[in-house]
Amino acid sequence: MEKVVPNFFEELLIKQYGKEISENIILNLLKPKKVTLRVNTIKSNVDEIKEALIAENISFKNLRWYNDAFIIENAKEDILKELEIYKQGKIYLQNLSSMLPPIVLNPKPQENILDMAAAPGGKTTQLAALSQNKAYITACERNKIRGEKLKYNLEKQGASMVNVMLEDAASLSDFFSFDKILLDAPCSGSGTDNVFKSNFTLELIQKSSKTQEKLLRKALKILKPGGEMVYSTCSILKNENEKVIEKVLKDFKANLVQVDLDDEIECLPCAIKEAKVVAPNELFEGFFVAKIRKILC
Ligand code: SAM
C-alpha cells in the first residue's frame, strides 16, 4: 500500500516550514532508514566491533562527530541481531538522532543523573557508557511492560549503576535533586515513520504536548540550581518542542544553552536559536534537542 501522510500533518508542516521544505521533509520520511549502531564501550571497543563486522563481510562507515557510531552499508537489522556482538550486548542498534541527546547532556562519572522517560533504554545505556559506567543514573519509566524491556537492556548492556523507577515521572517527589536530567519526552513521533500509522492524529500531538509540559515543569523543579538538562523529542513540530519550552521557561529561572552539532547533520529552521531540529533523512530521524541550565540562586 502506498504510504501517505495525513492532511492535517501536511498542513502543520507547511504552516511551520513553508511548502518547499515540507515537501522535502515528507519525501525524506518516505525513505527507508539505514541501519546504524552504537558500540557499547562498557563491554567492548571500536576496534573489536570493526574486526567482528569485517569478519562477517559487513561493510560500515564511521562518523566524524561520534567515534562510537557506525553506519551499516550492506546488512539489515535481523542479520545484525544474529551476531555474537549483538547477543552479548557489545553493540546497540540505535538511530543516529537518538544518540545526540546523551552526547549533548555530556554525563560525567559520579554525577547524579535522571533519565525521566527511559524505556527501552537506548539513551540510558548510552549515558552509562559515556560516563564510563560511573554516573549514578536513575531511569524512570511509567509503562510497566516497557519498563521490563528497559531492565533487560540495562542488564544486557552491563549498565550496572542504573536504578530503575517504574513511575509517572510527573509525580516524582520535589525533594529529588539531580545534577543532570535527560527528558527524552513521549511524543507524536512526527519526525519518524510513525506519521504513516493510524495512531498518528492531531489528538496525539495535543496530548503529547500536555504531557511534555508537565514533565518539563517537573524536570526543572528537581534539577539542581546550576544543573543542566536536555529536552528532546522525535517530533519536528513546534507544538511539541519550541512552544513547550517557551511556555515552561517563563515560570523558571533557567536559560537555554547553545546546542552545536556537526555540519554533517542537516537541520531544519528552529524558532529557538539555541536549539536544533534535526531534519529526517536516510540516516536521521527528525529530532529536536534543546539544552537548559537552571540558574544558580
Ligand atoms: N529514551 C528512550 C530511549 O532512548 O530508549 C525512549 C523514550 S520514549 C520517547 C518515551 C518513553 O516515555 C516511553 O517509554 C513512555 O512509556 C514513557 N513515558 C510516557 N509518559 C511518561 C511519564 N509520565 N513518566 C515516565 N515515563 C513516561
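Atoms within a ligand are numbered from 1 in the order they appear, just like the ligands themselves. Owing to the predicted nature of the structure, the values given are computational and were not obtained by experimental measurement.
Protein heavy atom at the shortest distance from atom 19 (C) of ligand 1 is Pro186 CG, 3.4 Å. The nearest protein atom to atom 12 (O) of ligand 1, hydrogens excluded, is given as Ala117 CB, 3.2 Å; this is a heavy-atom distance. Among all protein heavy atoms, the one lying closest to atom 16 (O) of ligand 1 is Glu141 OE2, 2.6 Å. At the shortest separation from atom 4 (O) of ligand 1 among protein heavy atoms lies Lys123 NZ, 2.9 Å. For atom 27 (C) of ligand 1, the nearest non-hydrogen atom of the protein is Arg142 CB, 3.8 Å. Nearest protein heavy-atom neighbour of atom 14 (O) of ligand 1: Arg146 NE, 2.5 Å.
Near Ala169, meaning under 4.0 Å from any of its heavy atoms, are these atoms of ligand 1: 22 (C), 23 (N), 24 (N), 25 (C). The distance from ligand 1 to the heavy atoms of Ala118 drops below 4.0 Å at these ligand atoms: 1 (N), 2 (C), 3 (C), 5 (O). When each atom of ligand 1 is checked for a heavy atom of Ala185 under 4.0 Å away, the hits are 9 (C). Listed by atom number, the atoms of ligand 1 under 4.0 Å from Asp168 heavy atoms are 22 (C), 23 (N), 24 (N).
With a 6.0 Å cutoff to the six-membered ring centre and a 45° limit on the axis angle, Lys238 does not count as a cation-pi contact of Phe288.
Residue contacts with ligand 1 for Cys187 are absent, since no atom lies close enough (heavy atoms, distance under 4.0 Å).
Taking the ring centroids of Phe9 and Phe196, they lie at or beyond the 6.0 Å cut-off.
Any N or O atom pair closer than 3.5 Å counts here, and Gly122 shares at least one such pair with ligand 1. Considering backbone and side-chain atoms alike, Asp184 places an N or O below 3.5 Å from some N or O of ligand 1. In terms of N/O distances under 3.5 Å, ligand 1 is not approached by Asn143. Considering backbone and side-chain N/O atoms, Ala119 comes within less than 3.5 Å of an N/O atom of ligand 1.
Qualifying salt bridge (charged side-chain N to carboxylate O under 4.0 Å, His left out) partners for Glu48, counting only residues two or more places apart in sequence or in other chains: Lys90.
What you find for Pro225 and Ile295 is that their closest heavy atoms are CB-O, 3.7 Å. The minimum heavy-atom distance between Val277 and Pro269, with the atom names listed, is CG2-O, 4.2 Å.
Counting non-hydrogen atoms of other residues, nucleotides and ligands closer than 6.0 Å to CZ of Arg293 gives a total of 12 or fewer. Summarising the local packing, NZ of Lys247 is surrounded by 12 or fewer heavy atoms from other residues, nucleotides or ligands at distances under 6.0 Å.
Using a 4.0 Å cutoff on heavy atoms, Glu167 counts as a contact of ligand 1. Using a 4.0 angstrom heavy-atom cutoff, Met116 counts as in contact with ligand 1.
Phe70 and Phe60 have tilted rings, their planes meeting at an angle from 30° to 60° on a 0 to 90° scale.
Just one residue in the list Leu37, Asp68, Asn153 forms a side-chain contact (heavy atoms from CB on, under 4.5 Å) with Tyr92, and that residue is Asn153.
Side-chain atoms of Glu274 and Gln258 include no donor-acceptor pair closer than 3.5 Å. With 3.5 Å as the limit, one finds no donor-acceptor pair spanning the side chains of Asn239 and Ser209.
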